[in-house]
2 protein chains.
Amino acid sequence: MLISIRDVAKEAGVSVSTVSRALNGYDDVNEDTRKRIMDMASKLGYRPSQSARNLSLKKKENVAILISGLGSNSPMDEFTGNVLKGLNSYIQGKDMMIAMYGISSEIQRQLSLKDFCEQYSLSGVILTGLKLGDKYIEEVKNNEIPCVGIDIRLEGNMAASVLTDDVKAFKEITLYAIEKGYKKLVLVKGKDEAEVTIDRYKGFKTAVKEKSISKDNIDILDCKYDEELAYTTVREYIGKYGKSRGRTFICMSDLMAIATVRCIEELSYRVGEDFFVTGFDGIQLLNYIKPKIPTIDQNIIKKGYEGMRLLMDIIKNGKNPGTVYIEHSLINGE
Amino acid sequence: MLISIRDVAKEAGVSVSTVSRALNGYDDVNEDTRKRIMDMASKLGYRPSQSARNLSLKKKENVAILISGLGSNSPMDEFTGNVLKGLNSYIQGKDMMIAMYGISSEIQRQLSLKDFCEQYSLSGVILTGLKLGDKYIEEVKNNEIPCVGIDIRLEGNMAASVLTDDVKAFKEITLYAIEKGYKKLVLVKGKDEAEVTIDRYKGFKTAVKEKSISKDNIDILDCKYDEELAYTTVREYIGKYGKSRGRTFICMSDLMAIATVRCIEELSYRVGEDFFVTGFDGIQLLNYIKPKIPTIDQNIIKKGYEGMRLLMDIIKNGKNPGTVYIEHSLINGE
DNA sequence: CTGAAAGCGCTAACAC
DNA sequence: GTGTTAGCGCTTTCAG
C-alpha cells in the first residue's frame, strides 16, 4: 500500500499540513517537529505523489525535452543522444524527472506548445532538432512557458538558447584550413534552412576576408548536410578539376567531410597531400576515419547540461539568461 | 486559462461525470450526447490533466525507460539512442509520454524499484543497460511492476524481455565466417559478466561443432568488449603468429572487430586476403569502415518499439509475453 | 442514460 | 507553530 502524507501525519501525531510544510522546507515549523516528521516519513518510506502535488500546485515541476525529427526510421543521431546525456547528467541525483517527446511538424500544427505543456503538466521544455520555420519557434515568442532551445535561437520572455558560436567556430576552422591547407578553397555547404548554416557561412566569409582570399579562389558546393549529396557533388568536382582548382575542402559537417575524404581516396588522391579536408561537429565517427581530419568539437553533452541548468533557472528564479554559447574546441588533424 | 472537464460539461449542458464517461469511451452514454460532448471538448480545446487523472485513478499510465550506465561522461552509445528511438516510434501519436531516468547501481541500492515507480507515478518501466548482478534485476522477480528488459533477461510475473537470439545469431555469423574465411579461428570474446556473452559463446560452440573444427584450430582472446584491449590483444596475437595460426577473427562486437581490422592493416596485412574478420551488432560506424565486414544487425530500433508494445500489453491486459526475440539479420561483407 | 457526491494526495489560505 | 479546511481535475459508485 502506498504511504500518504496522512499516514505520516498520524504516526507523527501532527496534521497533514504540518507534514507538508515540514517536508517542503518551510521555516515556520518547529525544528523538533520537523525532525520527528522527517524521521517518520523515511521510516514509513513515504514518497510524495507527484500527481497530487502537481494537481494541487497547478504548477508542475516536470520538464521535458521535445525532439523534432525523431520520426524517421533512421538511427538516432549522435547529437540528440548526447544532448539527452547532458540533460541527464544535470538531473543526476536531483530528484527530478525528464520526459521525452517526439514532436513532428505535424504535431506542432495540431497542438500548440502551450496546450502541449498543459496536457503533460510541463513547467518548461527543452527544444531540439527544430528547423527554421517550425511552428513552436514562433509560439515561444508570445508564450510565458520556460523554454530552452538547443542549437536553435529562441526569442521570448521565458526563452533561452544554448548554442555554439558558429560564426566564431567556423571562422576558426576556416583560418586553420587556410593556414595548413592550400589557398584555393571549396566550401562544402549545408542547407540554408538551418540557422547554423548562416552563421557558419558568416564565419567562413570573415576568415577568407581576413586572409585576403579572393572570390576566384573559392568554390561553393551546396550539399545540404546530405552525405550522399556531398559524395556525388564532390566527386564530380574533383573528377572535373582534379587538383587544378580548390584543394582545401572546408565542410560544414563531419559527415560531409567524411564523404569528401571518401571521394578523394576513391579517385586515388591522398588526403593531406593532394587535398586538405576539415569537418565540423566533432562526431565520434571521426576517430575511426583515417587520416584524422581537423574539426570543431561542439561539446554537445555540455550543451545538454547547460540547457537543463538554464531551464531550471528560468523556472525557479524567473530569470532569463538569453543566449548562452558553449565553448567549442578545435581538434587538430594529423 | 486551462479548460477543465467542468467547462466542457457546462458548455455541453451535461454533468462532469457524463463528460468523463463520454470521453473515456464508456458505452452507457447516449450517442448524441457523446457527440455533443466530443465536439464541445475539441471546440474548447480541452486537454485532460494527466495529474488529476493519475491521482483519481491511482493507476498511472506513465511509463519510463530506466537507463543504467548513463552516468559517465562518454558520448551516448548508439544502442541506447536507438532504443529511445524505437520507444518513441511506438508512442508516436498515441497520446502517451515516456520519461527517462538514469539509474546508477548507486540509485538502485538507495531506492527500490517499487519505490522508484511510486515516487514517479510510473505504471511500468523499460529497463536497459543493466548488468548481471544489478539490484533491479532481482527486484523485478518479486514485484508486480510491469517491466520489460531490453537486452537483459528479466524474470517475474509482470516482467518480459526483448532480446536478440544471441545463440542463433552468433551461430549464424560463425558459420558464415567458417565458410567464407579460413579454418583456423580466433574468437574475440566479450566479458563473461554480460549475459549476451554466454549466449554468443554457445552459438559459437554449436557452429564449430557442426563444422567439425577441432579445439586446436581455435584460439580465444578475452577482450571484454573493450576496444583498446581488443586492439592490443589482437595486435600481440598477430605479431606473434602472423598468418600461421588463426586467420579468421570472429568478434563478439563490431567495435572489437574494428579494432581487429585496425591491427591487421597496421601490420600491413589485408583484411579479406590475409585475414577474415566478422563483427556483431550492426552499428552505423561499420558503414564507414573499409573493407565492409560481415556482421549481425540487431535491429535495435525494433527492440525499442517492441519493448514498448510489450510493456503496454502487460500494463493494460495483464498478459505477459515472456521473452521475445527480435529477428536479426546477417549483413554480408564485401 | 444521466447527475450528485465522495475522494484520490497534496498545498495554501486562514484560524487559533 | 500548528490545525482546519477548501479545493486542484478527474473518475466512479450509487441513485434516480
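Order of the sequence lines fixes the chain letters, A, B, ..., with proteins taken first and strands second; residue numbering starts at 1 for each chain. Keep in mind that what you see is a predicted model, and the values were worked out from it rather than measured.
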Give A:V19 one of three labels, base, sugar-phosphate or nothing, depending on what nucleic acid heavy atoms sit under 4.0 Å from its own.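 If one applies the 4.0 Å heavy-atom cut-off, A:V19 turns out to touch nothing in the nucleic acid.
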Rounded to 10°, tell me the angle between the two end axes of the helix from C:dC1-D:dG16 to C:dC16-D:dG1, each built from five pairs.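 One end axis against the other gives 40°.
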Give a yes/no answer on whether the side chain of [X] brings an N or O atom under 4.0 Å of OP1 or OP2 in [N].
{"X": "A:S15", "N": "D:dT4", "value": "no"}
{"X": "B:S56", "N": "D:dT11", "value": "no"}
{"X": "A:R53", "N": "D:dC8", "value": "no"}

Residues in salt bridge (Lys or Arg N to Asp or Glu O under 4.0 Å) contact with B:R21, at least two apart in sequence or another chain: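 Per chain and number, B:R21 pairs via salt bridge (Lys or Arg N to Asp or Glu O under 4.0 Å) with no residue.
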For A:K35, give me all partners under salt bridge (Lys or Arg N to Asp or Glu O under 4.0 Å), at least two apart in sequence or on another chain.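 Testing A:K35 for salt bridge (Lys or Arg N to Asp or Glu O under 4.0 Å), a comparison that skips the adjacent residues, returns A:D39.
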Name all pairs fulfilling the salt bridge (Lys or Arg N to Asp or Glu O under 4.0 Å) condition that reach into residues 149-162 of chain B, sequence neighbours left out, sorted by first residue then second.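 Every pair satisfying salt bridge (Lys or Arg N to Asp or Glu O under 4.0 Å) with a residue in residues 149-162 of chain B: B:D151-B:K303, B:R153-B:E195, B:R153-B:D199.
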Any protein N or O atoms within reach of nucleotides 14-16 of chain C? Criterion: under 3.5 Å, listing atom names and distances.
none

What's the closest nucleotide to the side chain of A:V16 if the choices are D:dC8, C:dT11, D:dG3?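 The answer is C:dT11, which lies nearest to the side chain.
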Starting at atom [atom1] of [X], determine the distance to atom [atom2] of [N], rounded to an integer number of angstrom.
{"X": "A:L23", "N": "C:dC10", "atom1": "CG", "atom2": "P", "result": "9 Å"}
{"X": "B:L55", "N": "D:dC8", "atom1": "CG", "atom2": "P", "result": "13 Å"}
{"X": "B:Y46", "N": "D:dG9", "atom1": "OH", "atom2": "P", "result": "10 Å"}
{"X": "B:L44", "N": "D:dG9", "atom1": "CG", "atom2": "P", "result": "15 Å"}

Drop me the distance from B:R34's CZ to B:D28's CG, to the nearest 0.5 angstrom.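 The CG atom of B:D28 is 8.5 Å from CZ of B:R34, to the nearest 0.5 Å.
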Is the closest side-chain heavy-atom distance between B:E306 and B:V148 below 4.5 Å?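 B:E306 does not reach B:V148 side chain to side chain.
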Which of residues 24-43 of chain B sit near DNA chain D, with a heavy atom under 4.0 Å from it?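 When residues 24-43 of chain B is checked for heavy atoms under 4.0 Å from DNA chain D, the hits, listed by number, are B:N24, B:Y26.
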Side chain B:S20 and base D:dT12 donor-acceptor under 3.5 Å: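 In this structure, the two groups form no donor-acceptor pair.
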Judged by modelled atom types alone, do B:N24 and B:R53 share a side-chain donor-acceptor pair under 3.5 Å?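 Note: B:N24 and B:R53 side chains meet the donor-acceptor criterion.
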